[in-house]
Amino acid sequence: MLNKLISIYFLIILSFLQTNAFASNSEFNVWVKNFKILAVNSGVSKKVVDELMSNAIFIPKIIEYDRYQPEFYEDTLTYVKKRANKNKVKKGLGLYKKEKSTIDKIEKEFLVEKELLLALMGIETNFGKYLGKMDIVSSLATLSFDQRRSEFFTKELIILLKLVDQQIVDKKILFGSWAGAFGNFQFMPRTIQNYAIDYNKNTTIELKKTEDSFASAANYLNKIGWKKNTPCFIKIKLNEKIPSKYLNSSAANIKNKKKVKYFKKYIKNYNNLKVDKNLDAAIITPDIDIIPNANTYKPAYLVFSNYEKILNWNRSLRFALAVCTLKNNFKNEI
Ligand SMILES: [Ca+2]
């Protein structure tokens, strides 16, 4: 009897799941139909719209990834240590040795340190090892169909179709992350449109190859205002009498920037800081908002304009710290 009840129970659950999946699939198909009209009206050729969208599928897993909130966050020091470790440096040096002439040329041309380019590639994809295997047309379609950030992803998908239509990117290689990022440096379609370049001039932009991907990343950093040979961040020891308004813990907007010398009375190791004291800086304390019972005053960092450029790339205080730390680790080796 109990077994029978259990199997009936599972049958009910199963039919509910199937109905649900069916409902969202048919809704998705309606969405695709409407999206195709929108894409054609936005200037993408009907041929490309039909070709790419006829293979687009709804991927429920992507919605799960999008909603996933880890219950436990690593503290900043652990996060940075893991991503800027010796293995990363070793692997990056291997790539640099192989591609030295191309990377050196790009560094000179775009005025962006090779160490920074290597650090970004190392952290984004472990030097091309984790490029993602999702069909990004389906990734972007799923996230556009979903309500949470529909407008943003719809725009990204239309840009991607335009890039294919204009034969700037090759539709055969559009595999990337679940969120639609692509290539060695995980560019979203809008970033490709605005900053990617066909550096080796073979008519397509190949963001999984060294020449085009390094030049595109360097061009992006140069255009958003990265300043070569100026600092990104420096670790500090805070005096506890610092007013809390100076402690930034959100990457959305870095506030209360002052010259380094203004913060003198709040920094215990001020006299040992090897940095121009007239530079504009802000203070960040990245653990406060994400680690339960974190110390209010440490770890703390002075961050400069270059640091904010990395936030443009990816709006995370810890991501930018990891990138600049790995960059410094390369600096000691190259
Ligand atoms: Ca190319």
Side-chain angles (χ1 to χ4, degrees), residues 65-89 92 115-116 119-120 122-124 126 226-227 230-333:
Y65 293 142
D66 187 55
R67 301 291 191 274
Y68 175 68
Q69 290 287 339
E71 285 167 23
F72 166 77
Y73 280 98
E74 293 160 322
D75 63 276
T76 297
L77 293 176
T78 310
Y79 177 99
V80 171
K81 216 182 219 170
K82 267 192 190 169
R83 285 156 185 82
N85 60 33
K86 278 191 181 138
N87 276 336
K88 279 261 165 75
V89 174
E115 292 87 353
L116 176 63
L120 277 162
I123 286 176
E124 288 287 7
N126 198 11
W226 175 269
K227 295 268 180 306
T230 68
C232 177
F233 78 87
I234 190 164
K235 199 160 185 257
I236 51 173
K237 289 192 181 112
L238 282 179
N239 186 318
E240 297 191 0
K241 68 181 185 215
I242 184 167
S244 61
K245 67 174 180 183
Y246 292 123
L247 306 180
N248 287 281
S249 55
S250 158
N253 184 15
I254 301 291
K255 287 180 274 203
N256 282 306
K257 282 173 230 171
K258 304 278 176 197
K259 292 206 182 306
V260 174
K261 61 188 177 192
Y262 176 88
F263 292 118
K264 182 175 181 181
K265 57 182 177 290
Y266 303 127
I267 300 174
K268 289 186 197 163
N269 56 333
Y270 180 85
N271 290 329
N272 297 327
L273 296 181
K274 290 194 182 87
V275 71
D276 175 356
K277 307 282 171 37
N278 284 310
L279 283 175
D280 287 325
I283 294 169
I284 62 160
T285 44
D287 274 359
I288 295 180
D289 284 355
I290 41 177
I291 308 295
N293 308 316
N295 184 312
T296 310
Y297 305 99
K298 67 181 180 186
Y301 308 84
L302 271 179
V303 297
F304 306 96
S305 101
N306 272 347
Y307 178 84
E308 289 190 71
K309 306 309 171 208
I310 307 299
L311 291 184
N312 284 10
W313 182 293
N314 182 357
R315 214 149 272 288
S316 151
L317 293 178
R318 296 157 359 132
F319 173 88
L321 285 173
V323 168
C324 291
T325 303
L326 185 54
K327 171 185 176 281
N328 291 342
N329 293 350
F330 276 123
K331 186 97 199 146
N332 300 331
E333 301 285 335

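Quick caveat: nothing in here was measured; it's all calculated off a predicted structure.
Scanning both residues, P231 and L279, for their nearest heavy atoms gives CG-CD1, 3.7 Å.
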Test log, rule side-chain contact (heavy atoms from CB on, under 4.5 Å), inputs N239 and I267: CA-CA 6 Å; N239 186 318; I267 300 174; over 6 Å; no

Derivation of the side-chain contact (heavy atoms from CB on, under 4.5 Å) call for Y79 and Y73: CA-CA 9 Å; Y79 177 99; Y73 280 98; over 6 Å; no

Candidate pair I284 and L321, rule side-chain contact (heavy atoms from CB on, under 4.5 Å), full reasoning: CA-CA 10 Å; I284 62 160; L321 285 173; 4.2 Å; yes

Show which side-chain atoms of residues 249-256 pair as donor or acceptor with protein atoms under 3.5 Å away, not counting sequence neighbours.
from, atom 1, to, atom 2, distance (Å)
S249, OG, D289, OD1, 3.3
S249, OG, D289, OD2, 3.0
S250, OG, A252, N, 3.1
N256, ND2, K245, O, 2.9

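In K86, the NZ atom is not crowded: 12 or fewer heavy atoms of neighbouring residues, nucleotides or ligands sit closer than 6.0 Å.
One distance of note links CH2 of W313 with CG of L120; it measures 4.5 Å at 0.5 Å rounding. To the nearest 0.5 Å, atoms CG (L311) and CZ (F319) are separated by 9.5 Å. Once rounded to the nearest 0.5 Å, the distance linking NZ of K257 with CG of L302 reads 13.5 Å. Taken to the nearest 0.5 Å, the NZ atom of K264 stands 5.5 Å off from the CG atom of N271. Summarising the geometry, atom CD1 belonging to I310 is positioned 9.0 Å from atom NZ belonging to K327; distances are rounded to the nearest 0.5 Å. Of the inter-residue distances, the one linking I288 atom CD1 with N248 atom CG reads 9.5 Å to the nearest 0.5 angstrom.
Residues that satisfy the side chain to side chain donor-acceptor pair (under 3.5 Å) test with D75, not counting sequence neighbours, are T78. By the ring-ring contact (aromatic ring centres under 6.0 Å, His included) test, Y65 is found to be paired with W178, residues two or more places apart in sequence or in another chain being considered. Residues passing the side chain to side chain donor-acceptor pair (under 3.5 Å) test with K268: none are found, sequence neighbours excluded. Residues satisfying the side-chain contact (heavy atoms from CB on, under 4.5 Å) test with K81, not counting sequence neighbours, are none. Applying the salt bridge (Lys or Arg N to Asp or Glu O under 4.0 Å) test to K88 and every residue at least two apart in sequence or in another chain returns nothing. Contacts of P299 classified as side-chain contact (heavy atoms from CB on, under 4.5 Å), with partners at least two apart in sequence or in another chain: T76, L77, K235, D287, Y301. For the ring-ring contact (aromatic ring centres under 6.0 Å, His included) test, no residue two or more places apart in sequence or in another chain qualifies with Y297. Every salt bridge (Lys or Arg N to Asp or Glu O under 4.0 Å) that K259 has, sequence neighbours left out, goes to D280. For the side chain to side chain donor-acceptor pair (under 3.5 Å) test, residues two or more places apart in sequence or in another chain that qualify with Y246 are Y262. Under the rule for a salt bridge (Lys or Arg N to Asp or Glu O under 4.0 Å), the partners of R83 that lie at least two apart in sequence or sit in another chain are E74. Residues satisfying the ring-ring contact (aromatic ring centres under 6.0 Å, His included) criterion with Y307, sequence neighbours excluded, are absent altogether.
V260 is listed as a side-chain neighbour of F304, based on a closest heavy-atom distance under 4.5 Å. Between L247 and L238 there is a side-chain heavy-atom pair separated by less than 4.5 Å. In this structure the side chain of T285 never reaches within 4.5 angstrom of the side chain of T296, judged on heavy atoms.
Proximity of a side-chain donor or acceptor of N328 to a complementary backbone N or O of T325 within less than 3.5 Å is not detected.
For the pairing with N312, the side-chain hydrogen bond (donor to acceptor under 3.5 Å, both in side chains) check across K309, E308, R315 returns one residue only, R315.
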